[in-house]
Amino acid sequence: MYKLKSSVIAFFGFVLIGVTVAVVPHTGFGQVSEGNGAIQLNCDEQPCDAVARGRAAFNDRNLNDLGGNGRACADCHMPSEGFQLSPAAARARFDALQAKREHNKNADDPLFRPVDADDFRINGDNAIDFSNLVENGLIRITMPLPLNVKLIDPATGQPTDETSVDLWRAVMPVPNVAITGPDGALPIWPPGAPRPPIMGQDPNGPNRQGGYQHDARFGTLQEQARGALFAHAQVSVEPPAGMLDDLAAFQQTLFSSPGVELLSDAILSGSTPFPDPDPELNELEQQGKVVFNRACAQCHGGMLHPSGSTPETTFVRPLVRYHNIQTACPRPATDGYLPCPERLARNARTYRITLANGTFQFVTTSDPGRLLLTGQPADLGVMDVTQLRGISNTAPYFHNNSAATLEEVLDHYDAFFRRVARLNPAPNLPPLLSSNGLVVDRGFVTADERAALLAYLRKL
Ligand code: HEC
Ligand code: HEC
């Protein structure tokens, strides 16, 4: 249990004077510089004054007097951490705050606000148990339930009156958001036959061609920032549109490497062929790239899906932007998946889904993914494909930080590919495993290929 010692967290009306969020330069992020917490401006693509205002807003714990809880974007998207939050950083900040509280009961770190405490629903503003934040680096995301979905009370086994559910999700890295949003690629979600709507809901959900967040529920960076200001910074006033535009302008100048910036320019201007964002690769990394193009690029790269683009990818990909790769907890007990540790497994809830024919389906999961946007059981656990550029700076991985290292990521995919092959044998092998449905010529990374693939992933 990670409980904060003083339960007095008086942050409303808190005035922070001259606060700058600690911004430490991070190798690999060319835009970060020292001095007064500033991230160096990159005005190549966007008007410089908008980028400068956006940078200030991103770091502003006072948020132009919008009545927030003292948090800045940079409190979670820590520039020193590749603009995300690792469990190690959350724990270090928690320990530092505990130590300061020994001397000063008003010591504060706005990362630790009751809204992200495990016991918030029970203790409200007096909540102090930050286990999910400190052990897992996860943040509370509250999602409304679709009309056909109910939560089950674990004590009684009966549906509850809850109209929303709390999920726990990893802070996404902000660099490269210039290319992580909607991609305009066909086909739109879902592939294949139309789905019957359930209880009048949109069966496909928002942003059928990609969006922001793990479930792509926001279509623009402005919408995303507005959501973050209300949910995470708890502002009480509608944020001005200009501030949202400035935040977007600033974020669109953050890239994990110069190669990605060039790729982004080409995508925005439509000038093909797109440049290869990879840096110079040695022989092993070159081999790893071949493995990546065969085993991973069918979801993570390619001309029409620029996130983690690999322009050499020549095979026709399924071009599907959303997938369930079984990262939520609990995991299937088959195919070699590692069981989720209790610290993640405890975030699971049981859902009752009313199907189109009126019958019920029950599922227990820590994150139903896009099912919460559509009510469709086919969307259970379905997430947006994450971009992989700069990935070596942003461990741990997946929407619930469930893979600590890239090695663990590959172990997970090993089980995933095995499961897909078992459930869809030839002649119906899916495109992510096979180019003709008959032979496995994609997916699966052999033991001798692992070192090369890992070397390449670390260069992305
Ligand atoms: C309390 C922590 C926290 C704060 C504060 C916060 N975020 Fe986030 N951010 C997250 C989490 C968690 C996600 C993933 C949420 C999800 O998938 O539902 C996220 C996702 C994002 C994404 C999506 C990236 C992508 O590729 O899809 C962007 C952009 C972003 N945040 C920007 C911001 C901005 C701008 C602010 C300040 C206005 C902000 N965030 C404040 C935790 C935070
Ligand atoms: C079937 C499509 C698919 C294939 C094939 C695939 N991925 Fe993924 N990948 C996804 C999805 C969807 C996510 C987001 C899942 C989540 O967050 O829970 C993801 C997430 C990741 C992440 C986490 C990124 C982060 O920032 O947390 C890594 C790393 C990754 N994939 C690497 C790979 C590698 C390496 C391969 C090839 C061995 C591969 N993927 C093959 C769909 C795929």
Side-chain angles (χ1 to χ4, degrees), residues 54 57-58 60 63 68-69 71-77 83-85 110-111 113 115-116 133 137-141 143 167-177 179-181 210-218 221-222 224-233 235 239 243-244 247-248 250-251 291-292 294-300 307-308 318 320-328 367 369 381-388 390-391 394-403 406 408-410 412-414 416-417 420 430-433 442-445 449-450 453-454 456-457 460:
F58 195 85
D60 184 3
L63 288 169
N69 60 11
R71 276 177 170 173
C73 311
D75 272 308
C76 293
H77 299 279
F83 291 87
Q84 49 116 42
L85 178 78
L111 181 57
R113 290 293 180 249
V115 67
D116 285 305
L133 195 46
L138 300 179
I139 299 294
R140 168 179 276 112
I141 303 293
M143 292 288 294
L167 307 172
W168 293 92
R169 286 190 178 163
V171 180
M172 301 179 86
V174 177
N176 309 335
V177 287
I179 57 168
T180 66
Y212 300 99
Q213 311 289 67
H214 292 292
D215 54 9
R217 67 187 179 280
F218 292 129
L221 284 172
Q222 283 82 344
Q224 194 287 330
R226 183 182 177 277
L229 288 167
F230 278 104
H232 304 310
V235 300
M243 180 184 177
L244 303 180
L247 280 166
F250 167 64
Q251 293 180 97
V291 178
F292 184 90
R294 189 203 71 223
C296 319
Q298 66 273 42
C299 294
H300 280 286
S307 307
V320 175
R321 175 77 185 243
Y322 303 135
H323 296 271
N324 174 12
I325 58 161
Q326 245 108 27
T327 41
D367 201 321
V382 167
M383 300 280 172
D384 194 4
V385 173
T386 329
Q387 74 90 31
L388 300 182
I391 198 79
T394 58
Y397 305 107
F398 297 138
H399 73 274
N400 51 0
N401 281 339
S402 56
L406 289 170
E408 283 186 32
V409 166
L410 295 191
H412 183 84
Y413 278 111
D414 205 38
F416 169 74
F417 290 132
V420 175
L432 71 96
L433 283 183
R442 297 175 184 163
F444 286 110
V445 178
E449 291 171 337
R450 260 176 90 108
L453 177 57
L454 286 166
Y456 176 63
L457 291 173
L460 278 176

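One-based numbering, in listed order, for ligands and for the atoms of each. Since the structure is predicted, the reported quantities are computational estimates derived from the model, not experimental observations.
His77 places a side-chain N or O within donor-acceptor distance of the main-chain N or O of Met172, the cut-off being under 3.5 Å. Side-chain atoms of Arg140 come within 3.5 Å of backbone N or O of Val115 as a donor-acceptor pair. A donor-acceptor contact shorter than 3.5 Å links the side chain of Arg113 to the backbone of Asn69. Glu408 places no side-chain N or O within donor-acceptor distance of the main-chain N or O of Leu406, the cut-off being under 3.5 Å. Put simply, the side chain of His412 gets close to the backbone of Ile325: a donor and an acceptor are under 3.5 Å apart. Panel note: side chain Arg442, backbone Gln298; no donor-acceptor pair is recorded below 3.5 Å.
When each of Leu167, Leu138, Asp215, Thr327 is tested with His399 by the rule side-chain contact (heavy atoms from CB on, under 4.5 Å), just one qualifies, namely Thr327. Asp384 pairs with exactly one of Arg217, His323, Arg321 by the side chain to side chain donor-acceptor pair (under 3.5 Å) rule, that one being Arg321.
When the heavy atoms of Gln213, Met383, Arg226, Met143 are ranked by distance to atom 19 (C) of ligand 1, first place goes to Gln213. The option with the heavy atom closest to atom 3 (C) of ligand 1, from among Ala216, Cys76, Gly181, is Cys76.
Nearest protein neighbour of atom 8 (Fe) of ligand 1, counting heavy atoms only, is His77 NE2, 2.0 Å. His232 CD2, 3.4 Å is the protein heavy atom nearest to atom 43 (C) of ligand 1. Of all protein heavy atoms, the one closest to atom 27 (O) of ligand 2 is Phe398 N, 2.8 Å. In this structure, the protein non-hydrogen atom closest to atom 17 (O) of ligand 2 is His399 N, 2.8 Å. The protein atom (non-hydrogen) at minimum distance from atom 24 (C) of ligand 2 is Ile391 CD1, 3.7 Å. The shortest contact between atom 21 (C) of ligand 1 and any protein heavy atom is with Gln224 NE2, 3.1 Å. Taking atom 38 (C) of ligand 1 as the reference point, the nearest protein heavy-atom neighbour is Cys73 SG, 2.6 Å. Of all protein heavy atoms, the one closest to atom 14 (C) of ligand 1 is Ala170 O, 3.5 Å. In terms of protein heavy-atom proximity, atom 26 (O) of ligand 1 is closest to Thr180 OG1, 3.0 Å. Among all non-hydrogen protein atoms, the one lying nearest atom 29 (C) of ligand 1 is Gln251 OE1, 3.4 Å.
Between Leu111 and Leu133 the shortest heavy-atom distance is O-CD2, 3.7 Å. When all heavy atoms are compared, the tightest approach of Tyr212 to Val177 is OH-O, 3.5 Å. For the pair Val445 and Ala295, the tightest heavy-atom approach, listed with the atom from each and the gap, is CG2-CB, 3.9 Å. The nearest pair of heavy atoms linking Ala216 to Gly210 is CB-C, 4.2 Å. The two residues Gln84 and Thr394 have their closest heavy-atom pair at OE1-O, 3.4 Å. Residues Leu247 and Ala225 come closest through the heavy atom pair CD1-CB, 4.0 Å.
Contacts between Leu138 and ligand 1 below 4.0 angstrom, taking non-hydrogen atoms only, are absent altogether. In Thr394, neither the side chain nor the backbone holds a heavy atom less than 4.0 Å from any atom of ligand 2. Contacts of Arg71 with ligand 1, taken as heavy-atom pairs under 4.0 Å, involve the side chain alone. At a heavy-atom distance under 4.0 Å, no atom of Gln387 approaches ligand 1.
Under a 4.0 Å criterion applied to the non-hydrogen atoms of Thr327, ligand 2 contributes the atoms 16 (C), 18 (O). For ligand 1, the atoms closer than 4.0 angstrom to any heavy atom of Ala72 are 5 (C). Ligand-side atoms of ligand 2 in range of Leu432: 1 (C), range being under 4.0 angstrom from any heavy atom. Those atoms of ligand 2 that come under 4.0 Å of a heavy atom in Asp384, given as number and element, are 12 (C), 14 (C). Listed by number with element, the atoms of ligand 1 under 4.0 Å from a non-hydrogen atom of Arg217 are 16 (C), 18 (O). Under a 4.0 Å criterion applied to the non-hydrogen atoms of Leu221, ligand 1 contributes the atoms 29 (C). Against a heavy-atom cut-off of under 4.0 Å, Leu229 is close to the following atoms of ligand 1: 38 (C). Counting the atoms of ligand 2 from 1 in the order shown, those under 4.0 Å from a heavy atom of Ala295 are 5 (C), 37 (C). Interface of Leu410 with ligand 2, defined as ligand atoms under 4.0 Å from a residue heavy atom, comprises 35 (C). Residue contact check: Ala228 has heavy atoms under 4.0 Å from atoms 36 (C), 39 (C), 40 (N), 41 (C) of ligand 1. Residue-ligand proximity, Tyr212 to ligand 1, at heavy-atom distances under 4.0 Å covers atoms 25 (C), 27 (O). Against a heavy-atom cut-off of under 4.0 Å, His323 is close to the following atoms of ligand 2: 1 (C), 2 (C), 12 (C).
Using a 4.0 Å cut-off between charged nitrogen and carboxylate oxygen, Asp414 and Arg450 do not count as a salt-bridge pair.
Between Phe417 and Phe444, the ring center distance clears the sub-6.0 Å criterion. Separation of the His214 and Phe398 ring centroids does not fall under the 6.0 Å cut-off.
Annotation: Arg169 places an N or O atom under 3.5 Å from an N or O atom of ligand 1; distance criterion only. In terms of polar-atom proximity, His214 is counted as a contact of ligand 1, with an N or O under 3.5 Å from an N or O of the ligand.
One distance of note links CG of Asp367 with CD1 of Ile141; it measures 9.5 Å at 0.5 Å rounding.
The aromatic rings of Tyr413 and His300 stand perpendicular to each other, their planes meeting at an angle above 60°, with 30° marking the opposite boundary.
Closer than 2.8 Å to atom 8 (Fe) of ligand 2 sit the protein N, O or S atoms His300 NE2, Tyr413 OH.
Considering only heavy atoms from C-beta on, Leu453 comes within 4.5 Å of Phe292 through its side chain.
Using a 4.0 angstrom heavy-atom cutoff, Gly443 does not count as in contact with ligand 2.
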**Asked** For Arg71 and Asp60, what are the C-alpha separation, side-chain angles and deciding distance, and is it a salt bridge (charged side-chain N to carboxylate O under 4.0 Å, His left out)?
**Response** CA-CA 8 Å; Arg71 276 177 170 173; Asp60 184 3; over 6 Å; no
